Amino acid sequence: MSFKAESHFNNEDSNTTNNPGIDEILEARLSRRRLFKGAGLAGAAVGASALTGCATGMGGGSGHSVGSLSFKAVAKHTSDKVVVPEGYTAQVLYALGDPLTASTPAFRNDGTDADFGNRAGDHHDGMEWFGLDAQGRPSRSAALRGLIAMNHEATTDEKLSSFFLHADGGTATLPRPAAEVDKELMIHGLSVVEVQSDGKRWAYQPDSPFNRRITTMTEAAIHGPARGSEHLVTRYDNTATRARGTLNNCGAGRTPWGSFVSGEENWFGYFFRDAKDDEARKNDKQVKGLVRYGRKAGAASRHGWESAGTADQYARWNNSASGASAKDDYRNEMNTFGYVVELDPYDGRSLLRKRTALGRMGHENITFAKVSPGQPVVAYMGDDARGEYIYKFVSDAKWDAADAEPANRLAAGDKYLDKGTLYAARFKSDGTGQWLELSMDNPVIAGSSYFEFKDAADIAVFTRLAADAVGATKMDRPEWAGVNPKNGEVYITLTNNSARTGATADSANPRAYTDMKGSKTQKGNVHGHILRLAESQPTDTGFRWDIYLFASEADADKATVNLSNLNDENDLSSPDGLVFSQATGLCWIETDDGAYTDKTNCMLMAAVPGRVGDGGSKSLTYGDKTVTTHVGKAQTPATFKRFLVGPRGAEITGITETPDGRALFVNIQHPGENTKMADTTNPAKYESQWPANAGYGAGQRPRSATIVITKNDGGVIGS
Ligand code: FEO
Ligand code: CA
Ligand code: CA
Ligand code: CA
C-alpha cells in the first residue's frame with residue numbers, strides 16, 4: 001500500500017506497549033561483556049542451534065546459480081513512464097477495469113464503467129504465476145501459458161471517495177451513495193487471469209474460463225482455530241464458519257502444494273464504530289482487541305461504506321454492538337478479516353479459505369521455507385504497521401513429498417495450515433534472536449494478566465496482543481519476507497518508520513536520522529532497511545540475524561545513514577516487495593516510497609544476495625546511548641543495481657516470473673495517486689496518465705497495471 005494511504009493506516013500507532021524495553025536495554029549493557037566472554041554466553045541464551053553457522057541441509061545444493069548483474073543500471077527519474085535497462089522490453093499486460101469475460105464491454109476509463117465483478121480490480125499488488133500446459137492442465141514447468149493470481153489491494157482515494165472510479169470524482173461526504181459504494185465493494189479483492197505468449201508478445205485472455213474475481217462480497221470459509229469461535233459470530237453466519245470477502249490484499253505467496261496465498265493488510269480502516277460502542281460492549285475484552293487493531297470508538301471509516309443504506313452489504317461495515325447479541329449485528333465483522341487467505345487458482349468453483357492459524361494482523365505477504373519430507377511446513381510473515389512484529393508459523397503436520405502435486409490443493413492447505421504454532425520474533429543486540437511461542441502451552445500467554453487468552457482461537461484472533469504479552473520486538477514496519485533458495489536465509493523488508501527516534505533505536509532498528517525532501521525535514525528511519533535471519537533448520541526457535549541492506553540516498557552520511565555504501569546506481573528508499581527468483585536466485589526488491597520522490601519515482605532493484613554475517617558490526621550514537629548493529633557486506637553495483645523506475649505516483653509491487661526466468665511480471669500500483677479529487681475530470685492536471693501514455697487502453701485516467709518484462713534476445717532476466 002502506498003505512502004499516501006499509509007499516512008492514515010499503517011501509521012496508526014496502535015502498538016503502545018513498551019516492548020522490547022528492558023530486554024533490549026539489558027542486552028545493550030551486556031553486549032560489551034559478551035565481547036570479552038565470547039560467543040558461548042550468547043549461544044546459551046538462545047540455544048546452541050542458532051550458532052551452528054552455515055545453513056547446511058537447507059535449500060543449499062538446489063542447483064540455483066546466482067550470476068552477476070549483467071544489465072546497465074537504470075537512472076533515477078521523475079518522468080511518467082516505466083524505464084527498464086537497455087536490451088529489455090516492458091509491455092503493459094493487464095490493467096484496472098480490463099474485461100474478464102467475452103461479454104464484458106471494453107473499459108472506457110471515464111468513470112462510467114460498471115460490472116467490476118467481471119473486470120480487473122484496482123491497485124494490483126502481490127501476484128504469483130501458475131502454469132498451464134497446452135491442454136490447460138496445471139503445469140510446474142509451463143512458461144508460455146499460465147494463470148496469474150493477483151491481489152487488488154485498494155483504490156486511489158481522497159477524502160472518502162475512490163475518485164478515479166466515478167465519473168465526477170464521487171462523493172466526499174456522508175452518506176456515500178449506494179451506487180458508488182457498490183462499485184468500490186467490487187473493485188477490491190483478488191483476480192485470476194489467464195496470460196499467454198506467442199513467443200514474442202504476451203497477452204491476457206479476456207475469454208478464458210479460468211478468469212475469476214473474488215471481491216469483498218465473495219463467500220469465504222473460516223478455517224483453523226478461529227472457526228466457530230464466538231469472536232467471529234455475525235448476523236451473516238451465526239456459526240462463525242463462513243464470512244464474506246477478502247479486503248486490502250497486499251503481499252502474496254505460493255504454497256509448496258501449489259496454491260495462492262494472500263495477506264489481508266489494512267482492513268481495519270474500512271470499519272466504523274459508534275462513539276459509544278465501548279460502553280455498548282460493556283468494555284469487554286473485545287474493546288482492547290479493537291483498539292489494538294486500530295479501531296477506536298467513533299473513528300471514521302476510510303470510505304464510509306457503512307453509510308450507504310440499511311442493506312446488509314453496507315450495514316456489515318458498521319462494527320458497533322447494536323443488536324441484542326453478536327448474532328443480530330456486525331460487531332464481530334472486523335474479526336473476520338486480518339488473515340492469510342488461500343485460493344486454488346486452477347479451480348474457479350473452490351471457496352476462498354481464511355487460514356486463521358497464521359494469526360490476525362496487518363498481513364503483508366507469506367513465504368515458505370523449503371520443505372523437507374518428514375519435517376513441518378514453515379512460513380514467515382510480517383505485520384505491516386509501525387512498531388509491529390515479525391512472525392513464523394510451524395505446521396503440526398509433517399511434509400509428505402506427494403503433496404507437491406496433490407489431487408486437492410485446498411485439502412493440502414487444510415492439512416498444513418489449519419494446525420500449527422505461531423511465533424513472534426525477539427531480536428537481541430548480540431546478533432541472535434528468539435522465536436517466542438504464541439500458544440496456550442506458553443505460560444506467559446496462558447497466565448497473562450495483560451489479556452485473557454482462553455484458547456487457540458483467542459490467539460488466532462488477537463495475535464498482536466499475544467505477541468505483546470511475550471515481549472516481541474517492535475519493528476520499523478515489517479513488509480515482505482522472502483527465503484533465499486540458495487541457503488534458506490529469510491529476508492524481511494522494514495519499509496520505514498518516521499516515529500523511530502534515537503531513544504527507541506535498537507540494534508535491529510538502529511537508525512534515526514534527518515533527511516531533507518526539498519525544503520521539508522523528514523525524521524526517523526524514513527528510508528527503511530532489510531533484515532535477514534539464518535536458522536540451522538526452519539523449525540529452530542533461535543536464529544542469527546544481520547541487516548542485509550540499509551536503504552539510503554547515495555549522498556547521505558556513510559557513518560550514520562548510508563551504511564551499505566549505496567551510490568547513484570543503487571540508492572533507494574522504502575523497500576517493500578521482496579521476492580527471490582527461483583530461476584536465477586536473484587533477489588528482487590521493490591519500493592513504495594514517499595521520502596525520495598523529490599528525486600525519483602519508485603523502483604525495482606536486483607540483488608545478488610550474500611549471507612548473514614558477511615559484513616561486520618557498526619555502532620551508532622544517540623546522545624549518551626550507543627546502539628551496536630550488524631551490517632551485511634557493503635554493496636557495489638555488481639551486487640545491487642537498479643533495474644526499473646516506474647511512472648509518477650506509482651509504487652512498484654508484486655512480482656512473479658515464468659519458471660524459465662525469461663518473463664518477469666511486475667505490478668505498477670496507483671500511478672497518479674497524488675492527483676487531486678477536484679481534478680478528476682481534468683486530464684491536464686493528472687499526476688500520471690500511465691498506461692494510456694504508453695499506448696494501453698482508452699481514456700487518460702491513470703490505472704494500476706501488470707507489465708511483463710522480457711529480454712530482447714530471449715534470455716533469462718537480470719543475469
Ligand atoms: Fe500494502 Fe504494507 O503494503
Ligand atoms: Ca506492500
Ligand atoms: Ca508499503
Ligand atoms: Ca532526501
Side-chain angles (χ1 to χ4, degrees), residues 1-12 76 78 122-127 150-157 188 246-252 262-270 294 302 338 361-366 381-388 390 475-481 492-498 513-530 551-557 561-562 566 568 571-579 589-600 602-603 650-655 667 669-670 673 704:
M1 162 166 291
S2 76
F3 187 84
K4 178 176 162 183
E6 278 163 359
S7 64
H8 305 292
F9 297 107
N10 300 72
N11 294 346
E12 188 87 17
K76 299 185 284 280
T78 54
D122 205 352
H123 281 214
H124 300 34
D125 206 313
M127 63 178 157
M150 186 180 302
N151 293 334
H152 295 289
E153 186 182 25
T155 51
T156 300
D157 308 331
H188 292 70
T246 188
L247 185 59
N248 229 258
N249 302 80
C250 189
S262 161
E264 297 177 334
E265 191 192 30
N266 287 308
W267 40 272
F268 57 89
Y270 290 72
R302 179 167 172 169
M361 61 192 77
H363 275 289
E364 188 78 15
N365 82 324
I366 171 167
M381 304 171 284
D383 179 358
D384 181 14
R386 285 204 300 229
E388 293 301 342
I390 294 168
M475 308 301 290
D476 287 348
R477 291 190 44 205
E479 299 244 33
W480 289 61
I492 300 142
T493 53
L494 298 162
T495 196
N496 56 53
N497 182 355
S498 55
Y513 45 93
T514 299
D515 179 276
M516 295 308 292
K517 182 180 179 186
S519 59
K520 187 181 153 204
T521 303
Q522 310 181 119
K523 283 186 186 288
N525 178 16
V526 297
H527 297 309
H529 55 287
I530 302 176
S552 172
E553 300 179 18
D555 59 6
D557 177 35
V561 182
N562 187 7
L566 303 185
D568 204 40
D571 64 338
L572 76 159
S573 177
S574 304
D576 184 343
L578 183 150
V579 171
I589 296 160
E590 303 172 300
T591 70
D592 173 14
D593 168 28
Y596 200 14
T597 46
D598 53 330
K599 301 279 175 57
T600 182
C602 288
M603 58 187 73
E651 133 185 17
I652 312 300
T653 183
I655 183 164
N667 278 333
Q669 192 189 80
H670 62 67
E673 79 155 352
S704 294

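Everything numeric in this text was worked out from a predicted model, so none of it was measured. Whatever order the structure lists ligands and atoms in, that order sets their numbers, starting from 1.
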Name the one of N496, N525, T495 that satisfies side chain to side chain donor-acceptor pair (under 3.5 Å) with R477? N496
Can you tell me how the ring of H670 sits relative to the ring of H123, calling it parallel under 30°, perpendicular over 60° and tilted otherwise? tilted
Report, as a single number, the protein N, O or S atoms less than 3.0 Å from the Ca ion (ligand 4). 4
Of E590, H152, H124, E153, the one forming a side chain to side chain donor-acceptor pair (under 3.5 Å) with Q669 is E153
So, of the N/O/S atoms that E364 has, which is the nearest one to atom 2 (Fe) of ligand 1? OE1
Evaluation steps, side-chain contact (heavy atoms from CB on, under 4.5 Å), between W480 and I589: CA-CA 9 Å; W480 289 61; I589 296 160; over 6 Å; no
For atom 2 (Fe) of ligand 1: the N/O/S atom of E265 at shortest distance: OE2
Hey, what's the angle at the Ca ion (ligand 3) spanning OD2 (D576) and OD2 (D592), nearest 10 degrees? 90°
Taking atom 2 (Fe) of ligand 1 as the vertex, what is the angle from OD2 of D384 to OE1 of E479, given to 10 degrees? 90°
So which of the N, O or S atoms of E479 lies nearest the Ca ion (ligand 3)? OE2
Atom 2 (Fe) of ligand 1 to nearest N/O/S of D592 less than 2.8 Å: no
First locate atom NZ of K599, then atom OG1 of T78, and finally report the distance between them rounded to the nearest 0.5 Å. 11.0 Å
Under 4.5 Å between any side-chain heavy atoms of T653 and D592, yes or no? no
Return the minimal non-hydrogen interatomic distance between S573 and A595, and the atom names on each side. OG-CB, 3.7 Å
Rounded at 0.5 Å granularity, tell me how far CG in N248 sits from CG in N266. 5.0 Å
So, 3.0 Å as the limit: is an N/O/S atom of E651 located closer than that to the Ca ion (ligand 3)? no
Residues in salt bridge (charged side-chain N to carboxylate O under 4.0 Å, His left out) with D383, at least two apart? R464
